[in-house]
Every structure is written in C-alpha cells, then in structure tokens.
Amino acid sequence: MVKDAKKKAVKAKAAPQPVAKKVAAKKVAAKKAVAKKAGSAKPPKAALPLPPAIPAVAKPRKAALKAEARHLEPLSVPATGDIEVLRRLWETVEARRLSGDTTISHSARLMARGTAKVAQKLGEEAVECVIEATQGNREATILESADLLYHLIVVWVDAGIRPEEVWSELVRREGISGIVEKASRPKGIVRAAETTKLP
Ligand SMILES: N=c1c2ncn([C@@H]3O[C@H](COP(=O)(O)OP(=O)(O)OP(=O)(O)O)[C@@H](O)[C@H]3O)c2ncn1[C@@H]1O[C@H](COP(=O)(O)O)[C@@H](O)[C@H]1O
C-alpha cells in the first residue's frame with residue numbers, strides 16, 4: 001500500500017506539465033527578467049542639492065554672454081571713487097596689522113594665519129576675477145576686482161611693501177611699450193640660460 005502511494009507520487013513528478021501551466025511559468029520568468037532589468041538600470045542623474053541660501057541660477061546662454069561682452073552695459077555700481085582709496089586702504093590694513101586685533105579685524109585675522117594664507121587668498125580672488133572677466137560679466141568683474149585689490153594690499157602690508165614702491169615701479173615703466181621691452185630681452189641660448197621658463 002505504502003509502496004503504491006510512493007510510486008504514484010514519483011509518476012506525478014515525472015509526468016509532463018500541462019500546457020497552461022508551462023505558459024504561466026514562462027510569463028512569470030519573463031516578468032522576473034523585466035523586473036531584474038529595471039532594477040539594474042542606472043537611476044537618472046539628480047542635480048546636487050544647493051544650500052537654501054544659494055538660489056538655483058540657470059546657466060546663461062552662450063549667445064547672451066557674447067552679446068553682453070560686446071555691448072558693455074552702463075555701470076550700476078556708482079563710479080564715485082578715486083585712486084586715493086588704495087592709499088587709505090593700505091593705511092587701514094597697516095593699522096590693523098599693528099593692532100593685531102583679530103576679534104574685530106578681518107585683515108588682522110587673515111595676516112595672523114600666515115603669509116601663505118594671505119597669498120593663497122590673493123590667488124583665489126584672482127581666479128574669481130578671471131572667471132567673471134572671461135564670462136563677460138562686467139559688474140561682477142568690478143566687484144571681484146575690488147576683492148582682488150584689497151587682498152593685494154593685504155599681501156603688501158604682510159610683506160612690508162609700501163604702495164609708493166609699487167607706484168614708482170609703474171612710473172619707471174611708463175612710456176616703455178611692452179612689445180619693445182620684450183623685443184629687447186636676450187634671445188636664444190642666452191635667454192634660455194637666464195630664465196626658468198622653457199625656451
Ligand atoms: N575691502 C575690504 C574687503 N574686501 C573683502 N573683504 C573681506 O574678505 C573676506 C573674504 O571672504 P572669503 O570667504 O573669501 O574668505 P575667508 O572668510 O577668509 O574664508 P576662508 O577662505 O579663509 O575660509 C570677507 O570677509 C570680506 O568681507 C574685505 N575686508 C575688508 N576690506 C577693507 O579693509 C578695511 C579693514 O577691514 P578689517 O580688517 O576687517 O577691519 C575695511 O574697512 C575695508 O575697507
């Protein structure tokens with residue numbers, strides 16, 4: 001009796017499945033394959049989230065940037081300053097160096113971080129200025145120029161350079177064309193020997 005039951009079970013296992021069952025199994029396998037494919041596909045790239053303080057700004061079109069560079073818009077930053085502001089700024093920064101009060105002065109705090117940091121900040125501001133100028137953003141170039149000049153003056157104060165020393169170098173160069181000056185430099189092997197640049 002037990003033997004008969006066992007035989008029946010083995011037969012049922014070996015017997016071919018009905019067609020309807022086969023089709024259903026194929027459908028399930030196909031569905032599984034589709035689900036697997038969808039799971040392995042890369043999700044679309046999401047934009048990096050910006051901090052709430054920074055508004056998302058659409059990238060200006062190339063044509064707009066070119067037009068802006070060609071037709072310079074009138075300056076909305078009031079053009080009321082004069083060159084004397086540089087001397088006054090140097091005196092203020094020098095006073096901050098002498099006081100060394102890092103609690104109230106950004107200049108003093110920056111110089112307290114050392115010459116390398118002072119120079120690094122100048123480099124950063126220069127790069128920012130270059131970016132704005134390259135993109136033809138006139139107003140932003142003015143703002144970055146002001147940052148750049150301030151940080152250049154911090155470099156001078158930190159190095160013990162007075163503005164007059166730079167002015168006198170500019171005066172010395174007055175009237176000498178850059179092209180003439182470059183042409184007067186030694187050439188060929190002599191030049192290669194005197195410079196650190198590749199010939
Ligand atoms: N012209 C400027 C001037 N331009 C830019 N900055 C400051 O320079 C800093 C640059 O900011 P960044 O975030 O780039 O640099 P950071 O805060 O040092 O940050 P890290 O890169 O070090 O992380 C800002 O805090 C600006 O406010 C200036 N700080 C001062 N002046 C002049 O310097 C005078 C003296 O300022 P104090 O030394 O702060 O009294 C002032 O009266 C101004 O006339």
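Index from 1, following the sequence. Any value given below was found using the heavy atoms of this structure, including those in side chains, with hydrogens, waters and symmetry copies removed. Since the structure is predicted, the reported quantities are computational estimates derived from the model, not experimental observations. Just follow the structure's listing: the first ligand is 1, and inside any ligand the first atom is 1.
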**Prompt:** Are any non-hydrogen side-chain atoms of Val93 and Trp90 less than 4.5 angstrom apart?
**Reply:** no

**Prompt:** Leu110 versus His151: any side-chain heavy-atom pair under 4.5 Å?
**Reply:** yes

**Message:** I'd like to check which ligand 1 atoms, numbered from 1 as shown, lie under 4.0 Å from a non-hydrogen atom of Lys117.
**Reply:** 22 (O)

**Message:** Could you tell me, atom by atom, which parts of ligand 1 come under 4.0 Å of a heavy atom of Ser107?
**Reply:** 35 (C), 36 (O), 37 (P), 38 (O), 39 (O)

**Item:** Residue, atom name and distance, where the atom is the protein heavy atom closest to atom 33 (O) of ligand 1
**Value:** Tyr150 CE1, 3.3 Å

**Request:** Would you please classify the geometry between the His106 ring and the Tyr150 ring as parallel, tilted or perpendicular, with 30° and 60° separating the classes?
**Result:** tilted

**Atoms of ligand 1 close to Leu89 [distance to a heavy atom under 4.0 angstrom, numbered from 1]** = 32 (C), 33 (O), 44 (O)

**Asked** Is Ile104 atom CD1 crowded by more than 12 heavy atoms from other residues, nucleotides or ligands, each under 6.0 Å away?
**Response** yes

**Prompt:** Do Arg138 and Ile142 pass the side-chain contact (heavy atoms from CB on, under 4.5 Å) test, and can you show the C-alpha distance, the side-chain angles, and the key distance before you say yes or no?
**Reply:** CA-CA 6 Å; Arg138 190 172 190 275; Ile142 293 173; 4.2 Å; yes

**Message:** I'd like to check atom 39 (O) of ligand 1 in this structure: does the protein have a heavy atom lying under 4.0 Å from it?
**Reply:** yes

**Asked** Does some side-chain heavy atom of Asp158 sit less than 4.5 Å from a side-chain heavy atom of Arg97?
**Response** no

**atom 3 (C) of ligand 1 protein-contacted (non-hydrogen atom, under 4.0 angstrom)** = yes

**Asked** Same hydrophobic cluster for Ile153 and Trp167, using side-chain heavy-atom links shorter than 4.5 Å among ILVMFWY?
**Response** yes

**Request:** Check whether Leu170 and Leu89 end up in the same hydrophobic cluster, where Ile, Leu, Val, Met, Phe, Trp and Tyr are linked by side-chain heavy atoms less than 4.5 Å apart.
**Result:** yes

**Message:** I'd like to know if atom 11 (O) of ligand 1 has any protein heavy atom within a distance of less than 4.0 Å.
**Reply:** no

**Item:** Any Leu110 heavy atom less than 4.0 Å from ligand 1
**Value:** no

**Complete:** Cys129 and Thr141 have their tightest heavy-atom pair at SG-O, 4.1 Å

**Prompt:** Looking at ligand 1, does any of its N/O atoms fall within less than 3.5 Å of an N/O of Thr92?
**Reply:** no

**Request:** Using a distance threshold of 4.0 Å (strictly less than), state whether atom 15 (O) of ligand 1 has a protein heavy-atom neighbour.
**Result:** yes

**Complete:** Residue, atom and distance of the protein heavy atom nearest atom 19 (O) of ligand 1 read Lys121 NZ, 4.0 Å

**Prompt:** At what distance is the nearest protein heavy atom to atom 9 (C) of ligand 1, and which residue and atom is it?
**Reply:** His106 NE2, 3.2 Å

**Message:** List ligand 1 atoms under 4.0 Å from Ser105, heavy atoms only on the residue side.
**Reply:** 37 (P), 38 (O), 39 (O), 40 (O)

**Prompt:** Just to confirm, does any protein heavy atom lie below 4.0 Å from atom 27 (O) of ligand 1?
**Reply:** no

**Asked** With atoms numbered from 1 as shown, which atoms in ligand 1 lie under 4.0 angstrom from a non-hydrogen atom of Asp147?
**Response** 4 (N), 5 (C)

**Prompt:** Distance-only, no hydrogens or angles: does the Glu165 side chain make a donor-acceptor pair with backbone N or O of Arg162 under 3.5 Å?
**Reply:** yes

**Asked** Looking only at heavy atoms of Arg109, does any of them come nearer than 4.0 Å to an atom of ligand 1?
**Response** no

**Message:** Met111 vs Ser107, test: side-chain contact (heavy atoms from CB on, under 4.5 Å). Steps then yes/no.
**Reply:** CA-CA 6 Å; Met111 285 182 277; Ser107 317; 4.1 Å; yes

**Nearest neighbour in protein (non-hydrogen) for atom 22 (O) of ligand 1** = Arg113 NH1, 2.8 Å

**Prompt:** Should you measure from each heavy atom of Glu125, which atoms of ligand 1 turn up under 4.0 Å away?
**Reply:** 14 (O)

